[in-house]
Number of protein chains: 2
Amino acid sequence: MAPPTETLTAERILEATEEVLRRHGPAKATVVDVARALGVSHGSVYRHFRTKAALREAVTKRWLDRTSEKLAVIVAGDGTPEDRLRAWLAALFEAKRHKAGDDPELFATYTVLTDESGTAVGEHLADLTSQLTRIIQDGVTAGAFTAPDPAATARAVFQATGRFHDPGYAREWQQPGVEEEFTAVVDLLLRGLLT
Amino acid sequence: MAPPTETLTAERILEATEEVLRRHGPAKATVVDVARALGVSHGSVYRHFRTKAALREAVTKRWLDRTSEKLAVIVAGDGTPEDRLRAWLAALFEAKRHKAGDDPELFATYTVLTDESGTAVGEHLADLTSQLTRIIQDGVTAGAFTAPDPAATARAVFQATGRFHDPGYAREWQQPGVEEEFTAVVDLLLRGLLT
DNA sequence: GGACTGACAGATATTGAAATCTGTCAGCTG
DNA sequence: CAGCTGACAGATTTCAATATCTGTCAGTCC
């Protein structure tokens with residue numbers, strides 16, 4: 001299928017794995033399938049990834065990092081802390097909701113992957129709350145927010161909005177009225193945050 | 001096993017079903033098992049419940065209603081709205097956490113039941129948010145809370161605290177630091193609610 | 001000699017036949 | 001005759017055999 005003459009890199013294997021996962025789903029995607037898609041033997045794949053689990057986790061990490069990077073742009077933006085906080089939460093919700101609604105099967109695939117991923121998800125969540133902490137810290141410094149412990153507050157905000165980013169709730173993101181519910185929660189949290 | 005001479009009532013069937021579920025788990029609990037525990041034929045069970053699903057849902061409803069009733073006592077209590085809101089949320093969290101930690105298998109069983117239950121869970125959630133609405137409405141009337149739409153605010157509070165009552169998060173309720181996280185979220189929400 | 005292959009052992013998944021379960025109902029029983 | 005039984009058909013689950021996959025490694029090929 002793919003040009004078998006290029007050198008085999010971790011990157012090419014990850015791309016092929018994404019494609020195989022997209023086609024076959026998480027239950028039926030095998031290392032043999034990935035190798036076949038690349039025109040190599042499956043032994044070669046094991047030269048770059050110690051186990052199938054490690055390969056899947058690397059794919060997961062790439063996928064999660066793409067979201068982190070988009071959100072980092074908002075953190076570094078130049079609006080007021082309130083604006084950036086609202087924009088950040090809305091962007092996170094919108095990104096997830098779009099993925100879940102646009103291609104439910106692929107989203108389900110990645111939900112399975114994140115569930116089995118040991119550390120990748122934990123690191124991703126730590127990364128996101130650290131971004132949130134930055135925004136809240138900025139707000140405190142500017143005198144717009146009250147938060148004795150910005151990191152703890154960031155965790156609280158992240159957890160309180162869980163219903164709008166946790167994949168477990170994906171089914172409800174398509175129902176009418178979610179927008180309003182999201183706004184209600186964010187408004188309530190911001191009222192608690194603003195001085 | 002059970003006295004086969006008493007008259008067969010829906011209530012006795014529900015008790016036997018709970019016991020069978022506790023013993024065998026949700027996957028292996030059959031209507032035949034329930035009938036055997038009662039010393040009757042399985043046809044008799046179908047005289048009181050149209051289907052196995054209806055029987056399971058009735059058991060689920062009973063279980064959920066027990067929680068609702070405990071919380072209703074707090075709603076009707078005589079503390080300040082803030083105290084009652086804090087107590088209500090803490091009681092909900094504590095009840096769930098206790099059940100999940102005390103007998104994880106039974107909790108897993110009921111998690112499966114609630115997942116398959118069509119309307120019982122929806123009604124339970126509606127009941128809980130209606131209790132919350134009552135407390136918040138009281139707070140608004142007393143001038144302690146600001147909430148243009150108490151019902152919408154109740155939903156927001158309920159959803160924002162989902163991590164501390166949604167069974168999907170049960171695993172994390174046992175980890176150290178959850179208490180603090182719960183307090184952080186509730187404090188933030190109350191700051192947003194108080195005038 | 002560094003990258004790759006392919007045969008292999010043990011682990012995991014698939015399959016289809018046999019067993020069990022659900023829901024019905026004609027008939028028994030007290 | 002109201003409540004219960006147990007045999008039954010179709011649906012679902014179990015189980016064991018069969019097939020496939022994972023991870024290794026001695027050997028091949030530039």
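So that the names make sense, note that chain A is the first sequence line, chain B the second, and so on, each numbered from 1. Side chains included, hydrogens not; waters and symmetry mates left out as well; all remaining heavy atoms used.
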Can you list everything that forms a side-chain hydrogen bond (donor to acceptor under 3.5 Å, both in side chains) with B:Thr30? Sequence neighbours excluded, please.
B:Asp33
B:Trp173 vs B:Phe93 aromatic rings, parallel, tilted or perpendicular, using cut-offs 30° and 60°?
perpendicular
Check whether any side-chain nitrogen or oxygen of B:Ser44 sits under 4.0 Å from OP1 or OP2 of D:dT5, and answer yes or no.
yes
Nearest-nucleotide 5' precedence on DNA chain C, A:His48 against A:Lys28
A:His48
Its contact letters, B for base, S for sugar-phosphate only and - for none at protein heavy atoms under 4.0 Å, make nucleotides 22-30 of chain C read BBB------
Do other residues, nucleotides or ligands put more than 12 heavy atoms under 6.0 Å from the CZ atom of A:Arg66?
yes
Partner residues of A:Tyr110 under the side-chain hydrogen bond (donor to acceptor under 3.5 Å, both in side chains) criterion, sequence neighbours left out
none
Would you mind reading off the distance between B:Arg56 atom CZ and C:dC21 atom C1', rounded to a whole angstrom?
12 Å
Salt-bridged, A:Glu18 to A:Arg62, with N to O below 4.0 Å?
yes
To the nearest angstrom, how far is B:Arg36 atom CZ from C:dT20 atom P?
11 Å
Quick one: do B:Lys99 and B:Asp103 make a salt bridge, cutoff under 4.0 Å?
no
Interatomic distance where CZ belongs to A:Phe49 and C1' belongs to C:dC4 [whole Å]
17 Å
B:Ser41 has its side chain closest, among D:dT5, C:dG6, C:dT14, to D:dT5
